[in-house]
Amino acid sequence: MIATGLRLFSQDEYHRMITTGILDPEERLELLEGQIISMAAKNPPHSATNLCAAEYLRTLLAGLALIRIQDPINLSSYSEPEPDIAVVRINPRFYAENHPTPADTFLLIEISDTTLEQDRKQKAAAYAKAGIADYWILDVNTRQVRVFREIVNQTYQQETILNEEATLFLLAFPEIEVQISRLFP
């Protein structure tokens, strides 16, 4: 067997493939660590949780942050994922010139109904490498939130699992209490 190297794609190459029609712009894809990843289909529990959590966070963080839903984040020249929810700095032009970067990002959230292991491993690794200090996974099957924090050597050192009776605080806004039960429909 001959070992071959993995060919990684940059954001520029990824966007050119979409522009030239090599990749269908309607296909649900994202660029993560140089790899083009198919995103899972959105089942009704996923979509409902995404909307519920985004609306709740919009209410809590009104005037403090923007809430983006399934829009790209520019993590690096080789990563442009589309997290389910991104809590980012307020930008007067709503990021019309560029996608938010890790410096603009307070919190990333993935909603998981069928992708928990991918979200815990692949996404967490990319987010930690980019320096995203606060990453949550909302597990629709257990109605729990997995909270990833404390980055050391580009890896999250802490993964905490909280039930829906618990409350949580964003690292960027420790004065705001998030009731986990309100993140789920």
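Values below: all heavy atoms of this structure, side chains included; hydrogens, waters and symmetry mates excluded.
Under a 4.0 Å N-O distance rule, the pair Arg7/Glu13 qualifies as a salt bridge. Using a cutoff of 4.0 Å between basic side-chain nitrogens and carboxylate oxygens, Arg146 and Glu110 are not scored as salt-bridged.
Within 6.0 Å of CG on Asp24 lie more than 12 heavy atoms contributed by other residues, nucleotides or ligands.
Clustering of Ile, Leu, Val, Met, Phe, Trp and Tyr side chains at separations under 4.5 Å places Leu32 together with Ile37. Hydrophobic cluster membership for Leu116: Leu66, Ile73, Leu75, Val88, Ile90, Phe94, Tyr95, Leu108, Tyr127, Ile132, Tyr135, Ile137, Phe148, Ile151, Tyr156 (Ile, Leu, Val, Met, Phe, Trp, Tyr linked by side-chain heavy atoms under 4.5 Å, directly or transitively).
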- Message: With salt bridge (Lys or Arg N to Asp or Glu O under 4.0 Å) as the criterion, how do Arg120 and Glu159 come out once you've worked through the C-alpha distance, each side chain's angles and the decisive distance to 0.1 Å?
- Response: CA-CA 9 Å; Arg120 284 186 67 240; Glu159 178 183 357; 2.9 Å; yes
- Query: What's the verdict on side chain to side chain donor-acceptor pair (under 3.5 Å) for Ser79 and Glu33, showing C-alpha distance, side-chain angles and the deciding distance?
  - Reply: CA-CA 5 Å; Ser79 284; Glu33 297 291 293; 3.2 Å; yes
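Here salt bridge (Lys or Arg N to Asp or Glu O under 4.0 Å) pairs that include residues 163-185, with residues two or more places apart or in two chains, are Arg143-Glu164. Residues in residues 37-58 take part in these salt bridge (Lys or Arg N to Asp or Glu O under 4.0 Å) pairs, two or more places apart or across chains: Glu55-Arg58. Residue pairs that meet the ring-ring contact (aromatic ring centres under 6.0 Å, His included) test with at least one member in residues 102-125, sequence neighbours left out, are Phe106-Phe173.
Of the residues listed (Leu107, Asp104, Thr105, Leu64), the one engaging Val87 in a side chain to side chain contact (heavy atoms under 4.5 Å, CB included) is Leu107, and it is the only one.
Side chains of Asp139 and Thr142: a donor-acceptor N/O pair is present below 3.5 angstrom, by distance only. The closest side-chain donor-acceptor pair between Glu80 and Asn74, if any, does not fall under 3.5 angstrom.
Taking CG from Asp113 and CG from Asp119, the interatomic distance works out to 9.5 Å, rounded to the nearest 0.5 Å.
With sequence neighbours excluded, no residue satisfies side-chain contact (heavy atoms from CB on, under 4.5 Å) with Ser77.
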